[in-house]
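In this text the structure is predicted, and so the values were computed from the model without any measurement. Residue numbers begin at 1 in each chain, while the letters A, B, ... track the order of the sequences.
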Amino acid sequence: MAFSKILSSAARALSLPPSILPQSSELTVLNANRLYLDNHRGVLSASSVYIVFDCAKYTVELIGKNMVIDAVGRSSAFVSGELESISFGRKR
Amino acid sequence: MKDLFLRLKRLLGGSVRIEVRGDDPYRIINALTGLFIPVKHISLHSNTLLSLVIPSCDLPRLRPLLRKFHLRIHILKKRGFFRRFFFLRERPVLLVGAVVLALAIELLSGFVWSVEVVPNGANDRMISAKLTELGVRTGARKSSISEDRIKASLILEFPELTWAGIFTEGSRITVTYELRTPAPEIIPPDFPASIYASKNGVITRLDVFRGAAAVERGSTVLRGDKLVSSEVLFGENGRFFVHALAAVEARTWYELEGFAASELLYKEYTGSETTRFYLQVGKKRLNLEKGTGIPYTFYDKITYTKLERSNGLPIYLVCEKYREYTLRSEPADRRDFIALGLTDILTSSLSNGRIVSSRTDVGGKGVKMYFECLEDISVTVAE
């Protein structure tokens, strides 16, 4: 925990983007039908209307219709479909 | 390097689309990504069914995961570049045929299948015969043809040629040439020469600068008569020869006649068109359609060739387009045009002269014109 704080402080001091930090995820949404998630930890739940990704400190919940995971790697994922809402939840 | 080989293996091996059934099938996604297996196109059909695409070569690594998560898979479709040719395993003759065809094309492209001499005014039949004699003929091996030797032989054999070119394109050889332009005959100024009449006429002007006049102004001369002699006499028996020089003008007459049809036929296209395709294999025609008869009485035929450069072989796809037309006749009176045309013809044929007067007789379908001209009719001939 302390190490991550040091890293965060160092990144702020060096004006580096926070997305380079190991525990930060980056979410990019294109036109409400395509989503790119970088630095996730896995898929917690998946269906065509509801997908949950595990990020370091929270979860990313996608609600929509006809959602498809176009590609998924160890840390990144592409989701396409009719996105209706994106919500973030604290991990218990 | 290992990663590179793995990527290459996945690329060549293609991909497989599988259907995963069981409780919480999405768990397999995390397991696959944990093994660095790329997963694509995950369709989430229900809570117990999803489909995804993984590389074919990673399919065996999936089996232990299925046992672990109590899931079942069903292969939906296998794809890949090389997988397209897997059907050849069941049809080996087809594969052999393709290889034989490729070898045949490779073998046949080593021969000459067409020799063409581009016409440019020489005796092309003789040139073709000489080319055959030199080994440039249909069926000859391309490697046996020495372009430099053939060019030299052609120029030596045909003195009227000044340049010859041989172009090999695939299995076709094209021979082009240029004719030698003959040098104009020049009579040296110190060489004895006389002036003769090149046409019949009445001399209206004769200014002799060198030589002896053989006729007088007002004389009627015929073609070939000597006008100015190169032989100049002096004293009683003395004579010497010069290069005659004179300005000669004579009155000449021409009679030209032209005819025109009393009616003109015009084409009127009906808009109907028919297109026929056939294959030209060597000199043989292979029709690609049934019924090659032309349903029109009057038609224009437009022929063009497609696939002319296919493999350099003498196989052409020829398209013939027929456009129907009907004939419409109109009465015509074109005698004025004929008179103008006759005048133009005469004007362009007069090398150094002009038309002084003309008279036109119109009768029947023809036009007869009489011209009176003043022109230089002299021609210098070496003695």
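Contact residues of residues 32-42 of chain A toward chain B are A:G42 (heavy-atom distance under 4.5 Å). When the heavy atoms of residues 73-87 of chain A are compared with those of chain B, the residues falling under 4.5 Å are A:G73, A:R74, listed by number. Contact residues of residues 44-51 of chain A toward chain B are A:L44, A:S45, A:A46, A:S47, A:S48, A:I51 (heavy-atom distance under 4.5 Å).
Considering only heavy-atom pairs separated by less than 4.5 Å from chain A, the leading option among B:L32, B:L50, B:V39 is B:V39. Most heavy-atom pairs under 4.5 Å with chain A, from the set B:D24, B:L35, B:I37, B:T33: that is B:T33. Of the residues considered (B:S46, B:G34, B:P38), B:G34 shows the highest number of contacts with chain A, using heavy-atom pairs under 4.5 Å.
Surrounding CZ of B:R17 are more than 12 heavy atoms belonging to other residues, nucleotides or ligands, all under 6.0 Å away. In this structure, B:K321 places its NZ atom where only 12 or fewer heavy-atom neighbours from other residues, nucleotides or ligands lie under 6.0 Å away.
Heavy atoms of B:N47 lying under 4.5 Å from chain A belong exclusively to its side chain.
Pairing each heavy atom of A:V43 with each of B:I29, the nearest pair is CG2-CG2, 4.0 Å.
Residue pairs satisfying the side chain to side chain donor-acceptor pair (under 3.5 Å) criterion with at least one member in residues 53-81 of chain B, sequence neighbours excluded, are listed as follows: B:R10-B:D58, B:D58-B:R61.
Side-chain atoms of B:H41 and A:D70, non-hydrogen and from C-beta on, do get closer than 4.5 Å to each other.
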